[in-house]
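Step one of this worksheet: look at the structure below.
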Amino acid sequence: MRYDLVIFDNDGVLVDSEPLSNSILATYLTELGHPTTYAESVRDYMGAAVHRIHDLVLERTGKRLPDDFDETLHTRVFAAFERELTPVAGVPAVLGKLAADGVPYCVASSGSHERIRVGHRKTGIDTWFRETNVFSAQDVGRGKPAPDLFLHAAERMGVPPERCVVVEDSPLGVTAALAAGMDVYGFTAMTPAERLPGVNGCFADMSELPGLLV
């Protein structure tokens, strides 16, 4: 293994949540008078913390989202998770191999700790994650594309940034990983490789990941 720590993004990398959450977000923004398609939601918000939604809507329209926006969005998303969420294909096998090989890993997500916990419990991958290796944008001042979250995760796990590798599927996440001085591999199940410039490599099937890290 060329790295001392594997840092996973969560949504779209560990749990197959991006189609659900972006469909719900696009519908909700449209209801609020900010017409948004599914493709636009993926383009603008995939991989971002929820504050980016507030920032972009305010910047584009001059209007603030309602005070209960976050709560309503999370309620709808969590309900969809309970009904439909599945792990990304191949993830349990990859996590099991890392654990068996004694390779340190963690998750660093733009989502809240509650969102991470709900998704992991629903998909059954909570077996591989505890509080000590779960990090959220809630833990830092700035979410992706700032490097803060990845640097925070590396510090808490006791590994220098240059010895870390990040697994990401969003342009914002790749930008954050590169800014943190880390290697990064792009997961292209949803995102075309051309939208992930600067990565060390791309892969479309999670079973390919272990071979990229040795």
Side-chain angles (χ1 to χ4, degrees), residues 1-3 5-26 38-39 41-43 45-48 76-130 133-136 144 150 153 164-174 176-177 182-196 199-214:
M1 177 68 65
R2 288 184 287 135
Y3 304 98
L5 177 65
V6 182
I7 304 177
F8 290 96
D9 175 43
N10 190 55
D11 293 293
V13 171
L14 296 178
V15 297
D16 195 19
S17 53
E18 292 293 6
L20 291 173
S21 57
N22 279 285
S23 177
I24 291 166
L25 174 58
Y38 171 79
S41 180
V42 170
R43 180 195 67 198
Y45 305 119
M46 182 172 163
R76 294 185 183 189
V77 168
F78 293 166
F81 282 5
E82 292 290 349
R83 293 191 306 269
E84 306 175 54
L85 189 63
T86 59
V88 168
V91 159
V94 168
L95 294 175
K97 178 172 176 51
L98 291 175
D101 292 345
V103 178
Y105 61 89
C106 66
V107 60
S109 173
S110 292
S112 66
H113 277 285
E114 183 183 10
R115 178 183 174 122
I116 298 168
R117 284 195 302 272
V118 169
H120 286 190
R121 176 184 53 77
K122 173 59 179 175
T123 58
I125 66 170
D126 53 337
T127 305
W128 288 281
F129 291 97
R130 297 173 175 82
N133 66 342
V134 174
F135 306 102
S136 160
K144 305 170 189 178
F150 289 133
C164 299
V165 61
V166 175
V167 183
E168 263 288 356
D169 71 332
S170 75
L172 294 174
V174 167
M182 300 176 181
D183 282 0
V184 55
Y185 283 90
F187 183 47
T188 57
M190 270 192 68
T191 308
E194 58 267 23
R195 293 197 64 215
L196 304 174
V199 298
N200 294 77
C202 288
F203 66 104
D205 189 314
M206 196 56 67
S207 65
E208 301 173 49
L209 179 60
L212 297 173
L213 305 182
V214 296

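Numbering starts at 1 and runs along the sequence shown.
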Closest non-hydrogen atom pair, Thr123 against Pro87
CG2-N, 3.4 Å
Decide if atom CZ of Arg2 counts as having more than 12 heavy atoms of other residues, nucleotides or ligands within a radius under 6.0 Å.
yes
Flag side-chain contact, heavy atom, 4.5 Å: Val88 against Phe187
yes
Euclidean distance, Met190 CE relative to Ser170 OG, rounded to 0.5 Å
10.5 Å
Would you say the side chain of Pro92 lies within less than 4.5 Å of the side chain of Trp128, judging by non-hydrogen atoms?
yes
Any donor-acceptor pair under 3.5 Å linking the side-chain atoms of Tyr105 with those of Asn133?
no
I'd like to know whether Leu172 forms a side-chain contact (heavy atoms from CB on, under 4.5 Å) with Tyr45, so could you lay out the CA-CA distance, the side-chain angles of the two residues, the decisive distance to 0.1 Å, and finally the verdict.
CA-CA 9 Å; Leu172 294 174; Tyr45 305 119; over 6 Å; no
Ser136 side chain to Gly111 backbone, donor-acceptor under 3.5 Å
yes
Side-chain contact, heavy-atom cut-off 4.5 Å: His120 with Val107?
yes
Kindly indicate, with the supporting measurements, whether the criterion side-chain contact (heavy atoms from CB on, under 4.5 Å) is fulfilled by Ile7 and Val167.
CA-CA 6 Å; Ile7 304 177; Val167 183; over 6 Å; no
Minimal non-hydrogen separation, Leu196 against Gly186, with atom names:
CD1-CA, 3.9 Å
Under the side-chain contact (heavy atoms from CB on, under 4.5 Å) criterion, do Asp9 and Val166 qualify, and how do the steps go?
CA-CA 7 Å; Asp9 175 43; Val166 175; 5.8 Å; no
Side-chain contact, heavy-atom cut-off 4.5 Å: Val165 with Met182?
no
Note: Ile116 and Ser109 closest approach over all heavy atoms is CD1-CB, 3.6 Å
Taking it one step at a time, do Cys106 and Phe135 satisfy side-chain contact (heavy atoms from CB on, under 4.5 Å)?
CA-CA 8 Å; Cys106 66; Phe135 306 102; 3.8 Å; yes
Reference residue Glu18; test side-chain contact (heavy atoms from CB on, under 4.5 Å); the match among Val13, Asp169, Val42:
Asp169
Which heavy-atom pair separates Gly173 from Phe150 by the least distance, and what is that distance?
O-CE1, 3.5 Å
In the structure I gave you, are the side-chain heavy atoms of Glu168 and Thr191 within less than 4.5 Å of one another anywhere?
no
Leu95 side chain reached by Ile125 side chain, heavy atoms, under 4.5 Å
yes
Phe8 versus Leu98: any side-chain heavy-atom pair under 4.5 Å?
yes
Taking the ring of Phe203 and the ring of Tyr185, is the distance between their centroids below 6.0 Å?
no
Rounded to the nearest 0.5 angstrom, the CG-OG distance for Asn22 and Ser17 is 8.5 Å
Sequence neighbours excluded, the answer for salt bridge (Lys or Arg N to Asp or Glu O under 4.0 Å) partners of Glu82 is Arg121
Side chains of Pro171 and Met46: does their closest heavy-atom pair fall under 4.5 Å?
no
Could you list the donor-acceptor pairs under 3.5 angstrom formed by side chains in residues 205-214, with sequence neighbours left out?
unit_1: Asp205; atom_1: OD1; unit_2: Ser207; atom_2: N; d: 2.9
unit_1: Asp205; atom_1: OD1; unit_2: Ser207; atom_2: OG; d: 2.8
unit_1: Glu208; atom_1: OE2; unit_2: Asp205; atom_2: N; d: 3.2

If you take all heavy atoms of Lys144 and Gly47, which pair is closest and at what distance?
CD-O, 3.7 Å
